[in-house]
There are 2 protein chains.
Amino acid sequence: MDETLLDIGEVARQSGLAPSALRFYERKGLIEAVGRNGLRRTYLPATLERLALVTCARDAGFTLAEIAAFLRAGPSDAVLREGMAAKERAVDERIAQLTRLRDSLRHAVVCDHDPLVECPAFKQAIRRVSVP
Amino acid sequence: MDETLLDIGEVARQSGLAPSALRFYERKGLIEAVGRNGLRRTYLPATLERLALVTCARDAGFTLAEIAAFLRAGPSDAVLREGMAAKERAVDERIAQLTRLRDSLRHAVVCDHDPLVECPAFKQAIRRVSVP
DNA sequence: CTCCTACTTGAAGCGCGGTTCAAGTCAAGG
DNA sequence: CCTTGACTTGAACCGCGCTTCAAGTAGGAG
């Protein structure tokens, strides 16, 4: 066996993901095992990088299906870059929305109104969050 | 019947939420009907404001359970404001994370590397997203 | 050789945030 | 009166992102 191959337990430990999650990702087409050691899946070390990418994208709110599509976009980078540009715009919008929300919360924390829900500034701020 | 009361269909139309969602929210303790017109729930107009608040918080990534807890915190504003301050910090962190992600995507779109996944700057950027 | 351990599988289950369904009920209109 | 149409209910179902379970199996230790 190639010494550089990692079995599923090793990948689980190093990636911080559960083995069940790794198998789940495989079913979803996010990663692939290169072979087996007995029944145990073995992975290329590069899989760890791929998992970092997956985790990052997932944390960012991408669905696993979206991520799989990205990864499958394959070496034809044009599609990939186009998708990424679209996602950049989406993330930008999300940041703007969360920023408005944070500003509303910031006001809420220092606002004198009681009950807070009746504060005109708060009400207006809340409305701005979803409808900029 | 008080002319100012709205029945569920009216609230659904004005809030943009499905009647099923309104009933679901009621089970979760997010809203309350003040009475019935026949079988139809009737709501105070203030319910629309409350729903705007709920929608906003939900869009911001709060769970319905969290929102319900917030709303139940009741007139004792101290708890509410404390919770909001905590959420402001959480939202701020999320904004920072998304900002790092957007920067990675921004680089990815203009990066010359092929395959992109091998670009050192991209790899480093990806790592920074989840582990600032 | 046997035994232990760490994996393997498919299937079922969970929490979230709802929607959809079948069957029933009410108010208003003709 | 009876019909129509918008609601009512509880229960089932959905997609997501997994975890958990029971039953089975391979590799290595003794």
Side-chain angles (χ1 to χ4, degrees), chain A residues 1-3 5-43 47 50-72 87 90 94 130, chain B residues 1-3 5-43 47 50-72 87 90 94 130:
Chain A
M1 296 287 179
D2 189 335
E3 289 295 312
L5 293 183
L6 309 166
D7 82 1
I8 191 171
E10 200 54 35
V11 172
R13 267 182 290 280
Q14 290 192 37
S15 68
L17 295 161
S20 61
L22 296 178
R23 287 191 287 267
F24 180 71
Y25 286 1
E26 186 175 317
R27 279 204 294 284
K28 294 286 176 176
L30 292 164
I31 55 172
E32 272 184 16
V34 282
R36 298 286 177 122
N37 175 20
L39 288 181
R40 294 176 201 177
R41 287 158 174 81
T42 52
Y43 297 95
T47 303
R50 178 173 271 231
L51 284 170
L53 187 60
V54 169
T55 301
C56 162
R58 188 204 51 187
D59 287 352
F62 293 46
T63 68
L64 294 186
E66 282 174 329
I67 301 170
F70 262 75
L71 293 176
R72 264 196 289 274
K87 278 303 170 182
R94 181 82 180 132
S130 298
Chain B
M1 296 288 180
D2 189 336
E3 289 297 311
L5 294 182
L6 309 167
D7 81 2
I8 191 170
E10 201 54 37
V11 173
R13 268 181 291 279
Q14 290 192 37
S15 68
L17 295 162
S20 62
L22 296 177
R23 288 190 288 269
F24 181 70
Y25 286 1
E26 186 176 315
R27 281 204 293 284
K28 294 284 176 177
L30 292 165
I31 57 171
E32 271 183 17
V34 282
R36 298 286 178 121
N37 175 20
L39 288 182
R40 295 173 201 179
R41 288 158 175 79
T42 53
Y43 297 95
T47 302
R50 176 172 275 231
L51 285 171
L53 187 59
V54 169
T55 300
C56 162
R58 190 204 50 188
D59 287 353
F62 293 48
T63 67
L64 295 185
E66 281 174 331
I67 300 170
F70 262 76
L71 293 176
R72 264 197 288 274
K87 278 303 170 184
R94 182 83 181 129
S130 298

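Worth saying up front: this structure is predicted, and the values here are computed from it rather than measured. Chain naming here is simple, since letters A, B, ... match the order of the sequence lines and numbering starts at 1 in each. The analysis underlying the following values was restricted to heavy atoms, covering all of them including side chains, and did not include hydrogens, waters or symmetry mates.
- A straight line from CD of B:E10 to C1' of D:dG5 spans 16 Å, rounded to a whole angstrom.
- Under the 3.5 Å distance criterion, with hydrogens and angles disregarded, no donor-acceptor pair is assigned to the side chains of A:Y25 and A:R50.
- Interatomic distance, A:I31 CD1 to A:L71 CG, rounded to the nearest 0.5 Å: 10.5 Å.
- The side chain of A:R41 approaches C:dT8 more closely than any other nucleotide in the set D:dC7, C:dT8, D:dC18.
- With rounding to whole Å, B:L22 atom CG is found 11 Å from C:dG18 atom P.
- Atom-to-atom, CZ of A:R40 to C1' of D:dT25 comes out at 11 Å; the value is rounded to the nearest Å.
- Comparing D:dT9, D:dT19, C:dT9 against the side chain of A:R36 picks out C:dT9 as the nearest.
- With rounding to whole Å, B:F24 atom CZ is found 16 Å from D:dT8 atom P.
- Distance from the side chain of A:I8 is smallest for C:dT8 among the nucleotides C:dT8, C:dT19, D:dT8.
- Per the geometry, CG belonging to A:L39 stands 7 Å off P belonging to C:dT8, to the nearest Å.
- Remark: B:E26 does not engage B:R23 in a salt bridge, criterion side-chain N to carboxylate O under 4.0 Å.
- Nucleotide D:dC18 holds its P atom 8 Å from the CG atom of A:L17, rounded to whole Å.
- Contact annotation: A:Y25 side-chain N/O to D:dG17 OP1/OP2 distance is not under 4.0 Å.
- We find the CD-OG1 distance between B:Q14 and B:T47 to be 11.0 Å, quoted to the nearest 0.5 Å.
- The distance from atom CZ of B:R13 to atom P of D:dA6 is 9 Å, rounded to the nearest whole Å.
- Minimum atom distance to the side chain of A:T63 is reached by D:dG17, of the listed D:dG17, D:dT19, D:dT8.
- Proximity note for B:R58 (side chain, C-beta onward) versus D:dT20, C:dG18, C:dT19: the nearest is C:dG18.
- Rounded to an integer number of Å, the gap from B:L64 CG to C:dG18 C1' is 9 Å.
- Side chains of A:L17 and A:V54 form no contact here, defined as non-hydrogen atoms less than 4.5 Å apart.
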